[in-house]
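Keep in mind that what you see is a predicted model, and the values were worked out from it rather than measured. Start at 1 with the first residue, then count along the sequence.
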Amino acid sequence: IELEKKIYDVGVDVKTSITNELMYGNEAAFTLTVTNNGNMAVIPTLDIAMDNTVEPTSETAAKITGSKLKLAAALEPGKSETITLTYKVTSLLDTAAATLKASLSSLSLADGAAVQDGNAANNASQASVKIKNLPVILYKVDSTNDNRLGGAEIRITNSKGQEVYT
């Protein structure tokens, strides 16, 4: 009787097709591909990390619990699952980057039993987009010299609508 060796090997690949610089309010889409290179069906759970220069869209936030993304069903040998994660740029910095990092956190079988990935070399990936905002220039206005601006106020709010400067 010849027994087949059980091989657990999940590869993680992150890409983005964005080549231009993004600005505040733009969305950045990342494609996360999880591939089962082994010979056993497994359910991967991934750690997802993203810079604080962006916030997930509601669709992306629904896919991630805390910082974990778990596939809903077992990934069969030789098969891949592609997931799109979209983030909105919230940074006002003139230059920054948004980097999505994904890495294999754990593997389990359909019955919930934990197994170890035999090839750590393909368990993590990342992709970045550049953020370049236009500079904001504020001028001091003396309303005594220009009646059109008398009583004017400047209020700056963050992406959550919270006032950060008056």
Side-chain angles (χ1 to χ4, degrees), residues 1-134 157-162:
I1 298 175
E2 192 174 316
L3 298 177
E4 183 179 11
K5 181 179 178 182
K6 295 178 181 179
I7 299 172
Y8 306 106
D9 178 16
V10 171
V12 177
D13 187 40
V14 178
K15 293 191 182 314
T16 184
S17 61
I18 298 171
T19 56
N20 56 323
E21 296 172 327
L22 299 179
M23 294 187 339
Y24 179 87
N26 292 150
E27 288 190 351
F30 295 87
T31 304
L32 171 62
T33 304
V34 183
T35 304
N36 185 346
N37 300 309
N39 62 5
M40 302 296 295
V42 291
I43 302 172
T45 300
L46 305 174
D47 282 323
I48 303 294
M50 178 51 95
D51 296 320
N52 63 0
T53 56
V54 294
E55 290 182 1
T57 61
S58 57
E59 295 85 12
T60 293
K63 298 174 187 176
I64 301 171
T65 303
S67 63
K68 304 281 187 199
L69 185 148
K70 183 176 182 177
L71 297 190
L75 191 58
E76 296 297 323
K79 300 292 181 182
S80 295
E81 184 164 337
T82 300
I83 302 141
T84 299
L85 301 176
T86 306
Y87 295 82
K88 189 171 186 174
V89 176
T90 56
S91 173
L92 289 173
L93 297 174
D94 58 344
T95 46
T99 302
L100 176 70
K101 298 175 185 176
S103 60
L104 183 65
S105 174
S106 64
L107 279 180
S108 61
L109 301 176
D111 66 4
V115 293
Q116 291 289 18
D117 188 281
N119 180 11
N122 64 355
N123 290 166
S125 182
Q126 67 182 39
S128 296
V129 294
K130 292 181 180 179
I131 298 170
K132 177 105 176 123
N133 286 305
L134 298 173
T157 59
N158 63 18
S159 62
K160 296 176 182 164
Q162 299 164 326

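- The line from NZ of Lys88 to OG of Ser58 is 10.5 Å long, rounded to the nearest 0.5 Å.
- Here the closest non-hydrogen pair linking Glu27 and Thr57 is OE2-CG2, 3.7 Å.
- In this structure, OH on Tyr24 lies 7.0 Å from OG1 on Thr90, to the nearest 0.5 angstrom.
- In this structure, NZ in Lys5 is found 13.0 Å from CE in Met40, a value given to the nearest 0.5 Å.
- With contacts defined as side-chain heavy-atom distances shorter than 4.5 Å, the pair Leu104/Leu46 qualifies.
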Could you go through the side chain to side chain contact (heavy atoms under 4.5 Å, CB included) check for Gln126 and Val14 one step at a time? CA-CA 5 Å; Gln126 67 182 39; Val14 178; 5.5 Å; no

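- Side-chain contact between Val89 and Thr53 is absent, with no heavy-atom pair separated by less than 4.5 Å.
- A distance of 10.0 Å separates CD1 in Ile131 from CG in Leu92, rounded to the nearest 0.5 Å.
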Would you check, one step at a time, whether the test side chain to side chain contact (heavy atoms under 4.5 Å, CB included) holds for Ile83 with Leu69? CA-CA 10 Å; Ile83 302 141; Leu69 185 148; 3.9 Å; yes

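- Annotation for Ile43 and Lys70: closest pair CG2-CE, 3.7 Å, computed over non-hydrogen atoms.
- The number of heavy-atom neighbours closer than 6.0 Å to CG of Asp111, taken from other residues, nucleotides and ligands shown, is above 12.
- Residues satisfying the side-chain contact (heavy atoms from CB on, under 4.5 Å) criterion with Asn119, sequence neighbours excluded, are Asp9, Asp117, Ala121, Asn122.
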Would you please test Asn133 and Met23 for side chain to side chain contact (heavy atoms under 4.5 Å, CB included) and show each step? CA-CA 5 Å; Asn133 286 305; Met23 294 187 339; 3.6 Å; yes

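- Checked against Tyr87 for a side-chain contact (heavy atoms from CB on, under 4.5 Å), the options Val54, Asp51, Asn26 give a single hit: Val54.
- Here the closest heavy-atom approach between residue Asn36 and residue Pro77 is recorded as ND2-N, 3.6 Å.
- Between Leu85 and Lys63 the shortest side-chain heavy-atom distance falls below 4.5 Å.
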Check the pair Glu81 / Leu71 against side chain to side chain contact (heavy atoms under 4.5 Å, CB included), numbers first and verdict last. CA-CA 9 Å; Glu81 184 164 337; Leu71 297 190; 3.9 Å; yes

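- A donor-acceptor pair shorter than 3.5 Å can be found between the side chains of Lys68 and Ser105.
- Between Ser128 and Thr99, the side chains place a donor N or O and an acceptor N or O closer than 3.5 Å (distance only, hydrogens not considered).
- Looking only at atom types and distance, the side chain of Asn39 has a donor-acceptor partner in the side chain of Glu4 under 3.5 Å away.
- To the nearest 0.5 Å, atoms CD1 (Ile48) and CG (Leu32) are separated by 5.0 Å.
- A search for side-chain contact (heavy atoms from CB on, under 4.5 Å) contacts involving Lys15 returns Asp13, not counting sequence neighbours.
- Pairing each heavy atom of Ser91 with each of Ala96, the nearest pair is OG-CB, 4.2 Å.
- Thr35 places no side-chain N or O within donor-acceptor distance of the main-chain N or O of Gly11, the cut-off being under 3.5 Å.
- Contact record, Ile18 with Ala29: CD1-N, 3.7 Å, taken as the closest heavy-atom pair.
- Within the model, atoms CG of Asp47 and OG of Ser103 stand 4.5 Å from one another, a figure rounded to the nearest 0.5 Å.
- Closest non-hydrogen pair, Ala28 versus Leu22, comes out as CB-CD1, 3.5 Å.
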